[in-house]
Amino acid sequence: MSDANPTAAGSEGYPGVGRVLVVIPTYNEADNVRLITGRVRAAVPAVDILIADDNSPDGTGALADEICAADDHVFVLHRAGKEGLGAAYVAGFAWAKDKGYDAVVEMDADGSHAPEELHKLLDALKDTDAVLGTRYIPGGSVHNWPLHRLLLSRGGNIYIRMALGMPFKDATGGYRAYRMPVLDAIDVSTVASQGYSFQVELAWRTYKAGFRMAEVPITFTEREHGVSKMSGNIFKEQLLRVTVWGATARKQALLNRLARKPKQPSTWP
């Protein structure tokens, strides 16, 4: 882990939001890590970056250390091994809390999330508690995905809205911003989901807790370098967890209604 002092690097922060940390999980992203950090630094110089590397065998961690040594807005969290996207974000959020940041941003390392649109999320965060970057609202778009993957993503989001009752058009997206009090309130350290279901669970917990949430349109572009981490198991995990959450929420809502229902007066004798 970098020993640099993030307080000095990002003391001024982003206007209206405060000190912001962009958490970028990496595993075998040697072709992308320098590119993505450079784009973030050029797009929004006021934010800091934490590269959370899962001991990548391709040398991503060593490259991250080089970037960190040359830029006091970039930090590195070296993790023991590949434990999944959700675990990397949870570790990054804990690091941000320990260092006193006001907000965190989730961003993929592969360039699919445009750093040039980061200001849209942060500007929206000025008046809300959490912001979801959304591909499926006017102004949002997806580029270079095969049709079957686009249909899987859109169909999955429709199912999530039906199962959980959340109004969001893109609950599986990974480009987001949260104020730190939100992550404290929803106890993010207990989130066990990985992959897309991690994103769904964070949105679900935030929504249930009553926080102000907004969606802003983003442009999603499939990676040009490296290999996607998406797998069938990740999709199955998401489907199962969403189904369980939805069934549990409906059961609890029914119990709450029954508890509030006034008892009919007895007519006996």
Side-chain angles (χ1 to χ4, degrees), residues 22-25 36 39 43 85-86 89 103-179 182 186 191 193-224 228-232 234-243 245-246 249:
V22 178
V23 181
I24 303 179
I36 193 67
R39 288 174 63 187
L85 180 71
Y89 272 129
V104 292
V105 173
E106 299 180 17
M107 182 184 292
D108 286 352
D110 59 14
S112 57
H113 301 145
E116 295 76 18
E117 294 184 324
L118 175 56
H119 68 93
K120 294 163 61 174
L121 277 73
L122 296 179
D123 286 344
L125 196 62
K126 295 177 182 179
D127 301 313
T128 192
D129 300 307
V131 178
L132 311 183
T134 304
R135 297 163 286 187
Y136 306 130
I137 60 175
S141 60
V142 176
H143 298 277
N144 301 331
W145 256 9
L147 180 60
H148 75 274
R149 188 164 179 190
L150 180 61
L151 292 175
L152 188 67
S153 175
R154 299 209 69 155
N157 274 288
I158 291 172
Y159 178 73
I160 289 166
R161 289 200 300 277
M162 293 173 60
L164 300 182
M166 292 195 299
F168 312 118
K169 297 297 179 63
D170 194 358
T172 62
Y175 198 8
R176 313 177 156 189
Y178 291 94
R179 291 188 179 273
V182 174
I186 66 175
V191 176
S193 303
Q194 296 297 323
Y196 290 156
S197 61
F198 174 81
Q199 309 295 4
V200 178
E201 184 168 357
L202 252 63
W204 175 229
R205 289 192 183 197
T206 304
Y207 178 72
K208 287 197 302 177
F211 285 103
R212 301 168 301 167
M213 302 177 69
E215 291 185 289
V216 298
I218 62 165
T219 302
F220 180 93
T221 305
E222 175 66 329
R223 67 164 63 233
E224 295 183 358
S228 173
K229 311 302 189 301
M230 178 61 178
S231 69
I234 290 175
F235 179 75
K236 291 175 183 177
E237 180 204 24
Q238 172 187 302
L239 182 64
L240 176 60
R241 288 181 181 272
V242 167
T243 301
W245 296 333

Worksheet item: Can you name the closest pair of heavy atoms from Thr172 and Val200 and give their distance?
Response: CG2-CG2, 3.8 Å

Worksheet, complete the sentence: Contacts of Tyr207 meeting side chain to side chain donor-acceptor pair (under 3.5 Å) (sequence neighbours excluded), chain-then-number -> none

Could you go through residues 121-128 and list every donor-acceptor pair under 3.5 Å that involves a side-chain atom there, pairing it with any protein atom two or more places apart or in another chain?
residue	atom	partner	partner atom	Å
Asp123	OD1	Tyr14	OH	2.7
Thr128	OG1	Arg212	O	2.7
Thr128	OG1	Met213	N	3.4

Worksheet item: Taking all atoms of both residues into account, what is the closest heavy-atom pair of Ile160 and Ala171, and its distance?
Response: CG2-CB, 4.0 Å

Worksheet item: What is the distance from atom OG1 of Thr134 to atom CD of Glu215, rounded to the nearest 0.5 Å?
Response: 3.5 Å

Worksheet entry | Which residues share a side chain to side chain donor-acceptor pair (under 3.5 Å) with His148, sequence neighbours left out | none

Worksheet entry | Pair Thr221-Asn144, side-chain donor/acceptor within less than 3.5 Å | no

Worksheet entry | Side-chain heavy-atom pair Pro217, Lys120 within 4.5 angstrom cut-off | yes

Worksheet item: Can you tell if the side chain of Gln199 reaches within under 4.5 Å of the side chain of Tyr89, non-hydrogen atoms only?
Response: yes

Worksheet item: Between atom OG of Ser112 and atom CD1 of Ile36, what is the distance when rounded to the nearest 0.5 Å?
Response: 7.5 Å

Worksheet entry | Contact check, side chains of Val142 and Arg149, non-hydrogen atoms, under 4.5 Å | no

Discussion item. Could you report the tightest heavy-atom contact between Arg176 and Gly173, atom names first, then the distance?
Written reply: NE-O, 3.0 Å

Practice prompt. Mind checking side chain to side chain donor-acceptor pair (under 3.5 Å) for Thr206 and listing every partner two or more places apart, or none if nothing turns up?
Written response: none

Practice prompt. Taking side chain to side chain donor-acceptor pair (under 3.5 Å) as the test, write out the residues that go with Arg179, two or more places apart.
Written response: none

Discussion item. When you compare the side chain of Phe168 with that of Asn157, does any pair of heavy atoms fall below 4.5 Å?
Written reply: no

Fill in: Within residues 150-170 or reaching into it, pairs that qualify as salt bridge (charged side-chain N to carboxylate O under 4.0 Å, His left out) - sequence neighbours excluded
Arg135-Asp170

Discussion item. I want to check something: taking the side chain as every heavy atom from C-beta on, are Glu117 and Val216 in contact at a cut-off of under 4.5 Å?
Written reply: no

Worksheet item: Do His113 and Phe220 come within less than 4.5 Å of each other through their side chains, counting heavy atoms only?
Response: yes

Discussion item. Which heavy atom of Ala203 sits nearest to which heavy atom of Tyr178, and what is that distance?
Written reply: N-OH, 3.9 Å

Fill in: Rounded distance [0.5 Å steps], CG in Leu164 versus NZ in Lys208
9.0 Å

Fill in: Among Val131, Asp108, Thr219, Ile218, side chain to side chain contact (heavy atoms under 4.5 Å, CB included) partner for Tyr175
Ile218

Item to complete: Heavy atoms only: give me the nearest Arg39-Pro115 pair and the separation to one decimal.
Response: NH2-CD, 3.3 Å

Worksheet entry | Minimum heavy-atom distance Pro25-Met107, with the two atoms named | CD-O, 3.7 Å

